Protein chains: 2
Amino acid sequence: MTQTRRRGAALEAAIYLATREILAEEGLAGLTFPKVADRANTSKPVIYRRWDSPFALAIAALQDKIKRENSGRTDEIKLTGRTLAEDLTQVLKRFTVSMKTFDESYLGSLMGGLNKEQGAAIQRMIAEGNAIDINAIDRVVKRAQDRDELGAGTLPDQVKLLPFDLLRYHLFVNQEFSDAELASVIDDVLLPAYHHALEH
Amino acid sequence: MTQTRRRGAALEAAIYLATREILAEEGLAGLTFPKVADRANTSKPVIYRRWDSPFALAIAALQDKIKRENSGRTDEIKLTGRTLAEDLTQVLKRFTVSMKTFDESYLGSLMGGLNKEQGAAIQRMIAEGNAIDINAIDRVVKRAQDRDELGAGTLPDQVKLLPFDLLRYHLFVNQEFSDAELASVIDDVLLPAYHHALEH
DNA sequence: TCATTTAAGATACTAAAAGTTTCTTATTCA
DNA sequence: TGAATAAGAAACTTTTAGTATCTTAAATGA
């Protein structure tokens, strides 16, 4: 057996990696210091000396990953599109990519302290809710068409679901969504979108 | 001391209440049977006899609340608006209300196995991200204005943040967001909204 | 109303996991 | 090469989850 002993940055890197693996597999609820020490092939005191709580370690581990894989901020992209649509696509695609190493691990790991089957249970509930919400929008659009406010045709499902997704997101992250903001979304986003898709 | 002993429905109601309180305060990670028994002024065996896991109890407790406070489905509302905007407002306001007793407790509690200060830490990160994203959209809009694709003016912040919020939501709930869907959001929602707000 | 059944609750116990202390020894650096 | 620093092993304490047993209150029904 090679008598080697890691320390400093190399040791911390191993601890962060182990932490992220446990987070991915078991979520925040399953993240304990003994498990981390075990998985990183080190000992408990090493972990206890450095961090105060599993949550603090989780934050550190994820920030470490972001630092390593820094894929750039959305406002530092070189924009090369020739149209508004192309520029928006560039920004949002970059955002999606960086989110996948950020939110997915970061918020995803932290917020979703769920395992596989638990996640599946939640998925079903969301799917049921979506069907109901699409229905609701269909009725609203039908009424608008009947009174000749909108032309014929149908909206894409994700356009129908957009306001519900948006409101749910704000509830998730505990951000207030005021009546004024709701009115703005309706007036500034939904109405233009509906009229664009369902012109006379 | 009154020698009274609850059972059946009354007992379960107290257990559900205790469960929801713990969920709200400590999240799913903090939900344990002994804590519930203690808080509901009953004993551990009562809980262990009825449920297999804290997660199962959490689901039951939240479904119980939904059953009690059933505020109706969004597609069963009596629509009375005289315009598309009014109908949309009715649907989305009702959604917001019912979400507050559904998602907020339901998905919110389950997905966010976080306590108060942990939630606050996440809040700060989101706020930082938002500033960056608003910046990115400002640059995109500026370029479009420079090439005379859009007129003068500014978009409301929540309109700028909308696509980012939407993408984050989908990552949260682990729903794929395909390139085609992204393109549809840009073409069918964002472009009409931007043109509407920033007309020549 | 009283005997019988059912289920709640108290208590003590077991098991497992978290967290701590102490000491040894490998690594680093002057 | 020797002193300082930090890693790792191991034994220990504390806490908490989970279980088993028994007593007794509440419901049921002849």
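Here is the naming used below: chain letters follow the sequence lines, and residue numbers restart at 1 for every chain. All of these numbers come straight from a predicted model, not from anything done at the bench.
Annotation: side-chain hydrogen bond (donor to acceptor under 3.5 Å, both in side chains) contacts of A:Asn130 (sequence neighbours excluded): none.
No donor-acceptor contact under 3.5 angstrom links the side chains of A:Thr83 and B:Glu149, judged on distance only.
The side chain of A:Arg50 sits closest to D:dA7 out of D:dA10, C:dT11, D:dA7. You'll find that the side chain of B:Phe33 is closest to D:dG18, out of C:dA8, C:dT21, D:dG18. Side-chain atoms of B:Arg49 lie closest to D:dT21 of the nucleotides D:dT21, D:dT24, D:dG8. Taking the side chain of B:Arg5 as heavy atoms from C-beta on, and the options C:dT20, C:dT27, C:dA8, the nearest nucleotide is C:dA8.
OP1 or OP2 of D:dA17 lies within a sub-4.0 Å distance of a side-chain N or O belonging to B:Thr32. Taking 4.0 angstrom as the limit, B:Thr42 places a side-chain polar atom (N or O) nearer than this to OP1 or OP2 of C:dG9. At C:dT27, one or more side-chain N or O atoms of A:Thr4 fall inside 4.0 Å of OP1 or OP2 (strictly under the cut-off).
Nucleotides of DNA chain D nearest to B:Pro54 and A:Gly8 differ in position, and the one nearer the 5' end is that of A:Gly8. Along DNA chain D, the nucleotide closest to B:Lys44 and the one closest to B:Arg7 are compared, and the more 5′ of them pairs with B:Lys44. Comparing A:Leu31 and B:Leu11, the nucleotide of DNA chain C nearest to each residue sits closer to the 5' end for B:Leu11.
As rounded to whole Å, 17 Å separates atom P of D:dA17 from atom CG of B:Asp52. We find that CG of A:Asp38 is positioned 16 Å from C1' of D:dA7, with the value rounded to whole Å. One interatomic measurement links the two molecules: OH of B:Tyr48 to P of D:dT16, which rounds to 13 Å at whole-angstrom precision. Rounded to an integer number of Å, the gap from CD1 of B:Ile47 to P of C:dA8 is 10 Å. Following rounding to the nearest Å, A:Leu57 (CG) and C:dA18 (P) show an atom-to-atom distance of 13 Å. Between A:Trp51 atom CH2 and C:dA18 atom P there is a gap of 17 Å when expressed in whole angstrom units.
When heavy atoms are screened at a 4.0 angstrom cut-off, B:Arg6 is found touching the sugar-phosphate backbone but no base atom.
Of the charged side-chain nitrogens involved, none lies within less than 4.0 Å of a carboxylate oxygen, so that A:Asp146 and A:Arg143 do not count as a salt-bridged pair.
Within the 3.5 Å criterion, the main-chain N or O of B:Glu21 finds no donor-acceptor partner in the side chain of B:Arg39.
Note: B:Leu92 CG to A:Leu182 CG = 5.5 Å, rounded to the nearest 0.5 Å.
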